[in-house]
Amino acid sequence: MFEGFESGRIAVDGVEIAYVAAGAGEPLLMLHGFPQTKALWARIAPELVALGYRVICADLRGYGASDKPPARADLTNYSFRAMAADQLGLMKALGHERFHLAGHDRGARVAHRLALDHPAVVASVTLMDIVPTAVMLGDLRREVAQSYWHWFFLAQPAPFPERMIEANPDLFYETCLLGWGAAGLRDFDVEQLAAYRASWHDAKAIAGSCNDYRAALAVDLRPRSGRARETYIGACADPVRRLRRDGQTL
C-alpha cells in the first residue's frame, strides 16, 4: 500500500504522529475514522496525487502507528481539540502553514475541531459521514442510540471495554466496521483490512480508541470557558463540504 509514498513519524508536543505523504502541489491532509487507520486512504490517495495535490495521510493519536499515550484523569489528551493540535503540528513540521483538510468519521470530527480552532490554516474542509457531535448527542433518539451503541460501550470506565474487546478484537471491530452499511468483509481490500486488524490486536490501540470515545462524552461536549458549545464552522473563508454515506452533499 501507498507505493511511492514517504513515511515517517513526527513528534508533536511529545506525541509521535505517523504519516505517509506523496505528490507536489497544494497540501491535503486526510484523517481516517473508527475503527480504521490511515490505510483507509491507500487506494484514494494516489488518485489525488495524480490530480496535483501533496497528499498527507496521518494516523490519529491512539490509532495505527501513532503514539497511544495513557489517558489523563480528565481525558483532555484524547479530546478532538488535542487530536486537532497533533495534526496541525504535523502539518507545520512538514512545512505546510495552510492546507486542505478531509476527514471521515472520527477524522471528520477532528477536522471539524481543527477548522473551528484554527480557521486561518484551513484552505477547505470536507467532512464525510458525520453530524456534529453536540447535534447528534443532543437529539439522542432510539434509532440513533441503537446505531451508535459503540459510543456508549467504548466510553465506559477502564478497563471494562478494553478487556471485553481483547477477548476477540476481530469480532468486535468487524461488527463495528460492518454495522453501518451493506458491505461485507469480502468488499474490503485485503491489505487494508490486514492493516486494520494489526491495529485492532494492539492493546494500546484498543485503549486508545476507548479513550477517544470517553473524551468525546466527557470533554468534547463540555462548554469552553462558560460559552455555548461551538458546533458549526463559520470562519473558514473557503468551501466547507459535508458528505453523507450516499455521496450527497449536505
Side-chain angles (χ1 to χ4, degrees), residues 12 15 17 19 28-38 40-41 56-64 66 68 71 75-91 99-119 121-122 124-140 144-145 147-155 173 176-177 179-181 199 205 208-224 228-236 239-245 249-250:
V12 180
V15 174
I17 301 300
Y19 73 95
L28 166 61
L29 174 62
M30 306 188 75
L31 301 176
H32 65 86
F34 170 92
Q36 295 102 336
T37 68
K38 63 181 178 295
L40 172 69
W41 308 113
I56 300 95
C57 305
D59 283 326
L60 301 174
R61 80 160 59 192
Y63 291 83
S66 287
K68 305 159 187 72
L75 297 168
T76 53
N77 65 325
Y78 274 91
S79 67
F80 293 136
R81 178 164 279 119
M83 291 185 177
D86 291 340
Q87 301 301 326
L88 177 61
L90 170 69
M91 293 300 280
F99 49 90
H100 300 282
L101 184 57
H104 173 257
D105 185 59
R106 306 307 283 181
R109 297 184 191 282
V110 173
H112 182 205
R113 186 71 263 169
L114 197 160
L116 287 169
D117 287 351
H118 308 282
V121 309
V122 179
S124 68
V125 58
T126 298
L127 308 177
M128 290 176 268
D129 218 8
I130 66 163
V131 173
T133 308
V135 174
M136 186 187 77
L137 294 179
D139 183 23
L140 196 59
V144 175
S147 295
Y148 285 80
W149 61 271
H150 64 290
W151 279 61
F152 310 106
F153 172 72
L154 291 166
Y173 287 113
C176 293
L177 194 65
W180 304 305
S199 182
S209 62
C210 291
N211 288 326
D212 174 12
Y213 280 84
R214 289 175 183 129
L217 298 187
V219 181
D220 297 309
L221 287 176
R222 189 170 61 209
R224 191 180 184 194
R229 295 188 187 101
E230 298 166 297
T231 304
Y232 299 104
I233 299 171
C236 291
V240 176
R241 289 173 58 84
R242 290 166 288 163
L243 302 179
R244 66 184 188 223
R245 194 163 288 139
T249 300
L250 299 178

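Just so it is clear, the structure is predicted and the values come from calculations on it, not from any experiment.
The shortest non-hydrogen separation linking Leu221 to Leu217 is CB-O, 4.1 Å. Between Ser199 and Ala205 the shortest heavy-atom distance is O-CB, 3.3 Å. Nearest heavy-atom pair, Ala111 versus Leu127, reported as atom, atom and distance to 0.1 Å: CB-CD2, 3.8 Å. Nearest approach of Pro35 to Leu177, heavy atoms of both residues: CD-CD1, 3.8 Å. Across all non-hydrogen atoms, the minimal contact from Ala58 to Leu90 is CB-CD2, 3.7 Å. In plain terms, the two heavy atoms of Leu60 and His32 that are nearest each other are N-NE2, 3.1 Å.
For the pair Arg113 and Leu116, the minimum side-chain heavy-atom distance is below 4.5 Å. For the pair Leu88 and Val12, the minimum side-chain heavy-atom distance is 4.5 Å or more. Taking 4.5 Å as the limit, every side-chain heavy atom of Ser209 sits out of range of all side-chain heavy atoms of Tyr78. The side-chain heavy atoms of Leu140 and Phe152, taken from C-beta on, include a pair separated by under 4.5 Å. Taking the side chain as every heavy atom from C-beta outward, Val122 and Leu114 approach each other to under 4.5 Å. At a threshold of 4.5 Å between non-hydrogen side-chain atoms, the residues Asp117 and Phe80 do not count as touching. Two residues are said to be in side-chain contact when any heavy atoms from C-beta on lie closer than 4.5 Å; Phe99 and Ile56 fail this criterion.
In terms of modelled atom types and a separation under 3.5 Å, the side chain of Arg109 and the main chain of Val131 share a donor-acceptor contact.
Considering CG of Leu75 and OH of Tyr213, their distance stands at 15.0 Å, rounded to 0.5 Å. Distance check: Arg214 CZ to Leu154 CG gives 8.0 Å after rounding to the nearest 0.5 Å. Atom CE in Met128 sits 10.5 Å away from atom CG in Asp105 (nearest 0.5 Å). Here the NE2 atom belonging to His118 is positioned 11.5 Å from the CG atom belonging to Leu101, to the nearest 0.5 angstrom. In this structure, the separation between OH on Tyr19 and OG on Ser66 is 11.5 Å, given to the nearest 0.5 Å. Distance CE/Met30 to SG/Cys57: 5.5 Å, rounded to 0.5 Å.
Ring pair Phe34/His150 is parallel by interplanar angle, where below 30° counts as parallel and above 60° as perpendicular.
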Handout entry: Pair Arg81-Val219, side-chain contact (heavy atoms from CB on, under 4.5 Å): steps then yes or no
Key = CA-CA 9 Å; Arg81 178 164 279 119; Val219 181; over 6 Å; no
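A salt bridge (charged side-chain N to carboxylate O under 4.0 Å, His left out) with Asp59 is found for one member of Arg106, Lys68, Lys38 and no other, namely Lys38.
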